[in-house]
Amino acid sequence: MIKETNELIVCPGVYDGLSARTAIEVGFDSLYMTGAGTSASRLGMADLGLATLHDMRAQAEMICNLKPHGPPVIADMDTGYGGAMMVYRAVCEYVRAGVAGFHLEDQVLEKRCGHLKGKAVASREEWYIRIRAALQAKANLGSDIVLIARTDALQQLGYDECIARLKTARDLGCDVGLLEGFTSKEQARRCVKDLQGWPLLLNSVENGASPLITVSEARDMGFRLMIFSFASIAPAYQAIRATFQKLKDEGIIGTKGEITPRKIFEVCGLDDLAEIDMNSGGSSFKEGV
Ligand SMILES: C[C@](O)(C(=O)O)[C@H](CC(=O)O)C(=O)O
C-alpha cells in the first residue's frame, strides 16, 4: 500500500478482535495492532516488555485473518524479543500470520512504552543486528512485509543520535522510519526534512510525551503513515469504567437501545457466517437469527 500511494495512510490502533472489527465497520482501510493494547488486553499487564512473541503473533494473526481480504495490519514487534535468531523467527511468524508491516525498535529487551520516562536503548550495533536479521528473514521468505525501523533514543541520547541511527537503518534497507516520542511539532517537521525521500511514520499518543498532531498537520509535514496507538484502548477503558461505575451505583448498565447482542455479533461477522452456512446447504439460519 505504501508503495502504491503518496497519501498519508492513517491506522487506528486496535488491540483485540472487537476493536479491529469496529475499525473495519467504520471503513478504515489499514489498522495498527498496538503492543501496549495487546499487553493490556491479553495479559492485563502494563507495556513493560512482558508480552512475548507468542502473545503478539497470536493476537496479530487473529486480527489479520478476521476477513479474507481485510485491511492490511501494521503490528508492533517491540524489540524483536531477543537477538538475531529470535528476530529472524519473529519476522517469519509475522509473515505467516499475515502481517503487512511491523516496527522493530532499539530499546533494551526490558523495554517500556515509548511515552514513559526512564527508557534505555541498546547500542547502535545491537539494533543493526536486529535489523539485519529481520531483513534476512524478509529476503529468505521473499516477503514484502514492510519493515519500520523505530528508534527510542531521543529521551536518552538526543535528536542527532536518532537521525544517525535512522539514516543507517534506511541505508541497511528498512522501508520506513519512526522516531518515537517527538517533543515538539518543530522536531517532527525537522525529522521529515532530515530524512527526506524516506517514508516516515508518526505515532500519535494523546496525553503521551508528544504534542497533539492532527492528521492534516502530519500530512502537511510530509509523514506517510500515522498510527493512533491508543485510539481504542483509551476510549474502551473510559466507557467500560463508566458503565461499571453505573452498575455499581445504580444497578443497571444503561446501554443504548440500538446496541443489541445481535448488533455486536453483526459487527463480528454474523451475516458473513450465516451466508457461509446457507451457501454450504446448512440450516442453522433457516429460522433467522
Ligand atoms: C506504539 C506503541 O508501541 C504501542 O504499543 O502501541 C506504544 C504506545 C504507547 O504505549 O503509548 C509506544 O509508543 O511505545
Side-chain angles (χ1 to χ4, degrees), residues 9-16 19-20 23 28 30-60 63-64 73-81 87 90 94 99-122 127 130 134 146-156 162 165-166 176-183 187-188 191 200-213 218 223-238:
I9 298 170
V10 177
C11 312
V14 300
Y15 63 90
D16 68 354
S19 56
F28 278 99
S30 41
L31 308 178
Y32 171 66
M33 188 195 84
T34 155
T38 299
S39 184
S41 63
R42 248 185 121 78
L43 310 179
M45 290 289 172
D47 187 14
L48 295 173
L50 298 166
T52 61
L53 169 58
H54 171 79
D55 297 317
M56 297 292 282
R57 195 264 311 138
Q59 197 84 330
I63 291 171
C64 291
V73 178
I74 296 176
D76 194 342
M77 193 188 276
D78 299 307
T79 58
Y81 315 106
V87 174
Y94 273 36
V99 171
F102 65 94
H103 56 76
L104 180 62
E105 72 201 37
D106 58 0
Q107 284 199 61
V108 294
L109 289 186
E110 283 205 327
K111 61 148 292 175
R112 60 185 61 178
C113 155
H115 292 258
L116 293 176
K117 293 193 187 110
K119 288 193 288 182
V121 286
W127 188 43
R130 293 177 194 168
V146 174
L147 168 42
I148 301 161
R150 161 175 158 173
T151 180
D152 282 76
L154 187 62
Q155 194 183 78
Q156 194 191 346
C162 292
R165 287 180 179 223
L166 287 171
V176 175
L178 161 57
L179 194 161
E180 175 73 334
F182 287 117
T183 51
Q187 198 175 53
C191 181
L200 292 187
L201 181 150
L202 181 67
N203 176 22
S204 167
V205 181
E206 279 183 23
N207 310 326
S210 305
L212 186 68
I213 299 178
F223 284 94
R224 295 286 309 287
L225 287 150
M226 192 169 184
I227 58 173
F228 287 80
S229 320
F230 268 53
S232 53
I233 184 176
Y237 168 67
Q238 231 178 333

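Hydrogens, waters and symmetry mates are skipped; everything else that's a heavy atom, side chains included, is used. Just follow the structure's listing: the first ligand is 1, and inside any ligand the first atom is 1.
Checked against a 3.5 angstrom limit, the closest N/O atoms of Ile227 and ligand 1 fall outside it. Considering backbone and side-chain N/O atoms, Gly37 never comes within less than 3.5 Å of an N/O atom of ligand 1. Polar contact check, Val205 against ligand 1: no nitrogen or oxygen pair lies under 3.5 Å apart. Residue contacts with ligand 1: Arg112 is placed with no nitrogen or oxygen under 3.5 Å of a nitrogen or oxygen of the ligand (distance criterion only). Backbone and side-chain nitrogen or oxygen atoms of His103 are examined, and none is located within less than 3.5 angstrom of a nitrogen or oxygen of ligand 1.
Atoms of ligand 1 found under 4.0 Å from any heavy atom of Asp76, numbered from 1 in the order shown, are 2 (C), 3 (O), 4 (C), 5 (O). The Gly114 neighbourhood of ligand 1 comprises atoms 12 (C), 13 (O), 14 (O), with distances under 4.0 Å to a heavy atom of that residue. Residue-ligand proximity, Gly35 to ligand 1, at heavy-atom distances under 4.0 Å covers atoms 4 (C), 5 (O), 6 (O). Less than 4.0 angstrom separates some heavy atom of Ser229 from each of these atoms of ligand 1: 1 (C), 6 (O), 8 (C). Under a 4.0 Å criterion applied to the non-hydrogen atoms of His115, ligand 1 contributes the atoms 11 (O), 13 (O).
Taking all atoms of both residues into account, the shortest heavy-atom contact from Val87 to Leu104 is CG1-CD2, 4.0 Å. Of all non-hydrogen atoms in Arg165 and Asp106, the two that sit nearest each other are NH1-OD2, 2.9 Å. Between Ile74 and Leu201, the shortest heavy-atom distance links the atoms CD1-CD1, 4.4 Å. Of all heavy-atom pairs spanning Arg130 and Ala122, the tightest one is NH2-CB, 3.9 Å.
Among all protein heavy atoms, the one lying closest to atom 6 (O) of ligand 1 is Thr34 OG1, 2.7 Å. Of the protein's non-hydrogen atoms, the one nearest atom 12 (C) of ligand 1 is Glu180 OE2, 3.1 Å. With respect to atom 5 (O) of ligand 1, the closest heavy atom belonging to the protein is Ala36 N, 2.7 Å. Asp47 OD2, 3.9 Å is the protein heavy atom nearest to atom 7 (C) of ligand 1. In this structure, atom 11 (O) of ligand 1 lies nearest to the protein heavy atom Cys113 SG, 3.3 Å.
When side chains are defined from C-beta on, Arg42 does not count as touching Met56, because their heavy atoms never get closer than 4.5 Å. Side-chain contact between Asp47 and Arg112: absent, with no pair of heavy atoms (C-beta onward) separated by less than 4.5 Å.
The 12-atom threshold is exceeded at CD of Gln156, counting heavy atoms of other residues, nucleotides or ligands nearer than 6.0 Å.
Here the OG1 atom belonging to Thr183 is positioned 3.5 Å from the CD atom belonging to Gln187, to the nearest 0.5 angstrom.
The aromatic rings of Tyr94 and Phe102 lie perpendicular to each other, with more than 60° between the two planes, well past the 30° mark.
If you check the side chains of Ser229 and Asn203, you find a donor sitting under 3.5 Å from an acceptor.
Counting heavy atoms closer than 4.0 Å to ligand 1, residue Glu105 contributes nothing at all. For Thr38, no heavy-atom contact with ligand 1 is shorter than 4.0 Å.
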Could you go through the ring pair (Phe, Tyr, Trp, His ring centres under 6.0 Å) check for His54 and Tyr81 one step at a time?
-> CA-CA 10 Å; His54 171 79; Tyr81 315 106; over 10 Å; no
